[in-house]
Each structure stands twice: as C-alpha cells, then as structure tokens.
Student: 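One structure is given below, represented as structure tokens, and several questions about it will come after.
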Amino acid sequence: MKNTVFALAREHLSRGSVEDFGRVLADHLVASGERVHGTTVTLTEHPWTRLPGAGTAGDGLHDHAFRRDASGDHVAWVAVDGDVATVAAGIQDLFVLRTTGSGFVGFQRDALTTLPETDDRILATVVDARWTYAPDAVAAGIDYGAAWTSIHATLVERFADHFSPSVQTTLHRIAVGILEAHPEVVDVTIELPNRHHLLVDLAPFGLENPGEVFVATQDPFGVISATVART
C-alpha cells in the first residue's frame with residue numbers, strides 16, 4: 001500500500017484535490033485484486049504559506065521557504081464499496097476567537113451550578129467540521145477544492161457575523177449556512193470545544209482590569225457538537 005500511495009501520488013496528486021487523489025487510490029485498490037471489494041482512504045492536507053523573501057516571481061514571497069498555516073487542515077474521506085463511492089471532507093485544527101459579541105445567559109441552573117451568566121465574553125474554539133457530499137453529486141463530478149474553500153469561507157463568516165448567545169447557537173448557524181450555500185452537501189457535523197479565556201482578577205494588586213488581561217485556562221471545558229442534515 002505504501003508503494004501504491006507513492007507511485008500514484010507522483011502521477012495524480014498534483015492534478016487535483018485530496019478528494020480526487022483519494023478516489024484514485026480507492027479505485028486502484030479495489031481493482032487490484034479479487035479479494036478486495038471495498039476500501040476507505042483518509043487524507044489530511046496541511047496548509048503552508050510562503051515566507052517573505054526575494055522570490056523570482058517578484059511578488060515579495062520566497063520561492064521555496066514556507067511556514068505552517070493555522071487556517072485549518074483540509075481532511076477528506078473516500079470510501080469505495082464495489083461501484084459505489086462515498087466522499088466526505090472536513091476542516092480540522094482551525095483556531096478561531098472572538099474578543100466580544102458573545103455571551104451565555106438563560107441556561108438551566110440547579111443547586112450545583114456555579115457558572116455565572118455573562119453577556120460579554122471571549123469565545124474561543126478549535127473547529128472540527130465534517131460534511132458529506134450527495135451520492136449523485138459525487139457521481140456527476142465535483143470541484144472538491146473549490147467546494148472546500150467556499151465552505152471554509154462560509155464557516156469563518158458565520159462564526160463572526162452575529163451576536164453569539166451560546167456556542168450551540170453559533171454551531172447551528174454555521175451548519176445551516178453551509179447547507180444553504182451548498183446543495184451538494186447532505187449533512188454537516190461540527191465540534192466546537194469551549195476554550196475558556198477568563199478575565200484575571202487584579203484587585204489583590206490594587207489594579208482594575210477593564211477587559212484587558214485574560215488567561216486561557218486549563219480547567220475542564222465543554223465540547224459542543226451536533227450534526228445538521230437535510231430532511
């Protein structure tokens with residue numbers, strides 16, 4: 001399998017998206033022997049950005065020096081079972097943060113609830129999203145790279161374009177936005193851990209802290225996840 005990945009990568013990987021390459025691999029493995037009826041391929045593409053430098057293109061960017069980008073990994077899953085192909089894609093390790101425009105009030109409380117309500121807080125999370133393409137769209141052919149880029153843009157825009165009363169509300173808004181903009185997508189699963197950044201109490205030092213100094217805590221935090229699908 002290792003040899004197959006290397007050899008097919010030389011011929012096919014630079015010609016399309018990781019989804020396209022996954023389909024090439026899956027079809028090849030299914031066709032390679034009588035005992036193989038189905039296979040699943042998982043691929044992760046890490047984003048890299050060219051460093052500033054005196055490149056030959058005259059664009060102020062280095063020709064062959066890069067840094068790892070933090071805009072989120074492009075993940076793809078391709079499964080072939082006989083003649084039927086299933087393709088899903090996703091975004092992982094996308095760090096996003098809002099310094100205001102987020103709160104959490106009106107939630108259920110009981111005798112053990114200690115979390116205070118707030119109408120202004122930092123909302124920070126690491127996005128893990130996955131969506132599935134419709135079988136007929138896969139059969140007809142999809143520009144997977146363009147679709148991933150567009151969904152990524154929708155996710156980032158929907159994260160930031162509203163007052164967020166809860167992580168749950170924002171998650172649902174993102175998923176609905178993706179489904180509305182992309183009829184070729186049948187469902188979206190998103191996981192948003194609530195990475196708390198809390199205002200530091202500087203009163204013991206005789207100092208005020210008007211929303212300037214925060215600490216990213218290591219305390220246990222909630223992981224909010226949901227799947228939104230077409231009916």
Side-chain angles (χ1 to χ4, degrees), residues 44-49 51-52 66-75 88-131 148-181 185 187-229:
T44 302
E45 179 181 5
H46 303 298
W48 293 86
T49 300
L51 293 176
F66 300 81
R67 64 173 172 81
R68 176 73 180 274
D69 202 323
S71 59
D73 294 341
H74 180 169
V75 187
I91 301 168
Q92 290 182 347
D93 291 336
L94 171 59
F95 288 71
V96 289
L97 178 147
R98 297 179 57 172
T99 58
T100 189
S102 173
F104 195 42
V105 298
F107 50 87
Q108 181 174 320
R109 308 184 70 90
D110 61 24
L112 300 179
T113 303
T114 59
L115 181 68
E117 294 190 352
T118 179
D119 59 3
D120 187 15
R121 66 172 181 172
I122 288 179
L123 173 57
T125 188
V126 184
V127 179
D128 188 344
R130 172 174 174 154
W131 55 89
W148 188 91
T149 299
S150 177
I151 292 172
H152 184 287
T154 298
L155 188 156
V156 172
E157 178 184 357
R158 287 262 173 158
F159 174 78
D161 69 356
H162 65 292
F163 176 82
S164 174
S166 67
V167 178
Q168 291 86 342
T169 300
T170 295
L171 185 157
H172 183 263
R173 179 175 176 79
I174 292 171
V176 169
I178 292 172
L179 291 175
E180 288 176 345
V185 173
D187 59 58
V188 181
T189 298
I190 301 176
E191 181 177 287
L192 300 179
N194 196 359
R195 299 293 183 88
H196 298 296
H197 291 63
L198 303 181
L199 193 68
V200 177
D201 181 11
L202 298 180
F205 316 114
L207 299 173
E208 296 181 351
N209 188 7
E212 294 187 2
V213 181
F214 293 82
V215 59
T217 72
Q218 299 300 316
D219 295 335
F221 52 81
V223 177
I224 295 89
S225 63
T227 298
V228 180

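Just so you know, these numbers come straight off a predicted model, no measurement behind them. Any value given below was found using the heavy atoms of this structure, including those in side chains, with hydrogens, waters and symmetry copies removed.
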Student: How far apart are the C-alpha atoms of Val185 and Ile151, what are their side-chain angles, what is the distance that settles it, and do they pass the side chain to side chain contact (heavy atoms under 4.5 Å, CB included) test?
Tutor: CA-CA 10 Å; Val185 173; Ile151 292 172; 4.0 Å; yes

Student: So, the side chain of Thr170 versus the backbone of Val167: is there a donor-acceptor pair under 3.5 Å, distance only?
Tutor: no

Student: Mind running side chain to side chain contact (heavy atoms under 4.5 Å, CB included) on Asp201 and Asn209 for me, showing each step along the way?
Tutor: CA-CA 7 Å; Asp201 181 11; Asn209 188 7; over 6 Å; no

Student: Would you give the length of the straight line joining atom CZ of Arg195 to atom CG of Leu123, rounded to the nearest 0.5 angstrom?
Tutor: 12.5 Å

Student: Of all the heavy-atom pairs spanning Ala129 and Leu155, show the shortest one and how long it is.
Tutor: CB-CD1, 4.0 Å

Student: Apply the test side chain to side chain contact (heavy atoms under 4.5 Å, CB included) to residues Glu117 and Arg109: give CA-CA distance (whole Å), side-chain angles for both, the deciding distance (0.1 Å), then the verdict.
Tutor: CA-CA 10 Å; Glu117 294 190 352; Arg109 308 184 70 90; 3.8 Å; yes

Student: May I ask you to decide if the ring planes of Phe107 and Phe104 are parallel, tilted or perpendicular, using 30° and 60° as cut-offs?
Tutor: parallel

Student: Might you point out which heavy atoms bring Thr125 and Phe159 nearest each other, and give the distance in Å?
Tutor: CG2-CE1, 4.2 Å

Student: Tell me the closest heavy-atom pair linking Phe214 and Val200, and the distance in Å.
Tutor: C-CG2, 3.9 Å

Student: Are any non-hydrogen side-chain atoms of Ile174 and Thr154 less than 4.5 angstrom apart?
Tutor: no

Student: Calculate, to the nearest 0.5 Å, the distance between atoms CG and CD1 belonging to Asp128 and Ile190 respectively.
Tutor: 9.5 Å

Student: So, for Ala175 and Val228, which heavy atoms are closest and what is the spacing to 0.1 Å?
Tutor: CB-CG2, 3.6 Å

Student: Go through it in stages, so that I can follow the logic: the residues are Trp148 and Ile91, the test is side chain to side chain contact (heavy atoms under 4.5 Å, CB included), and I'd like the CA-CA distance, side-chain angles, deciding distance and then a yes or no.
Tutor: CA-CA 8 Å; Trp148 188 91; Ile91 301 168; 3.6 Å; yes

Student: Provide the closest heavy-atom pair for Ser164 versus Arg98 in the form atom of the first, atom of the second, distance.
Tutor: CB-NH1, 4.0 Å

Student: Is a donor from one side chain sitting under 3.5 angstrom from an acceptor on the other, for Asp73 and Thr44?
Tutor: no

Student: Using modelled atom types and a 3.5 Å cut-off, is there a donor and acceptor pairing between side-chain atoms of Thr118 and backbone atoms of Asp120?
Tutor: yes

Student: How about Thr99 and His197: does a side-chain donor come under 3.5 Å of a side-chain acceptor?
Tutor: no

Student: Over all heavy atoms of both residues, which pair between Phe221 and Pro193 is shortest? Give the atoms and the distance, please.
Tutor: CE1-CB, 3.6 Å

Student: Counting distance only, does the side-chain N/O of Arg158 pair as donor-acceptor with the main-chain N or O of Arg173 below 3.5 Å?
Tutor: yes

Student: Atom NE2 in His46, atom OG in Ser71: separation rounded to 0.5 Å?
Tutor: 12.0 Å

Student: Kindly check if the number of other-residue, nucleotide or ligand heavy atoms within 6.0 Å of NE2 (His172) is above 12?
Tutor: no

Student: Can you tell me how far apart CG (Leu171) and CD1 (Ile224) are? Round to the nearest 0.5 Å.
Tutor: 8.0 Å

Student: For the atom pair CH2 (Trp48) and CZ (Arg68), what is the distance rounded to the nearest 0.5 Å?
Tutor: 6.0 Å

Student: Does the side chain of Val75 reach to within under 4.5 Å of the side chain of Arg130, using non-hydrogen atoms?
Tutor: no

Student: Nearest 0.5 Å, what's the CG-CG distance between Asp69 and Asp93?
Tutor: 12.5 Å

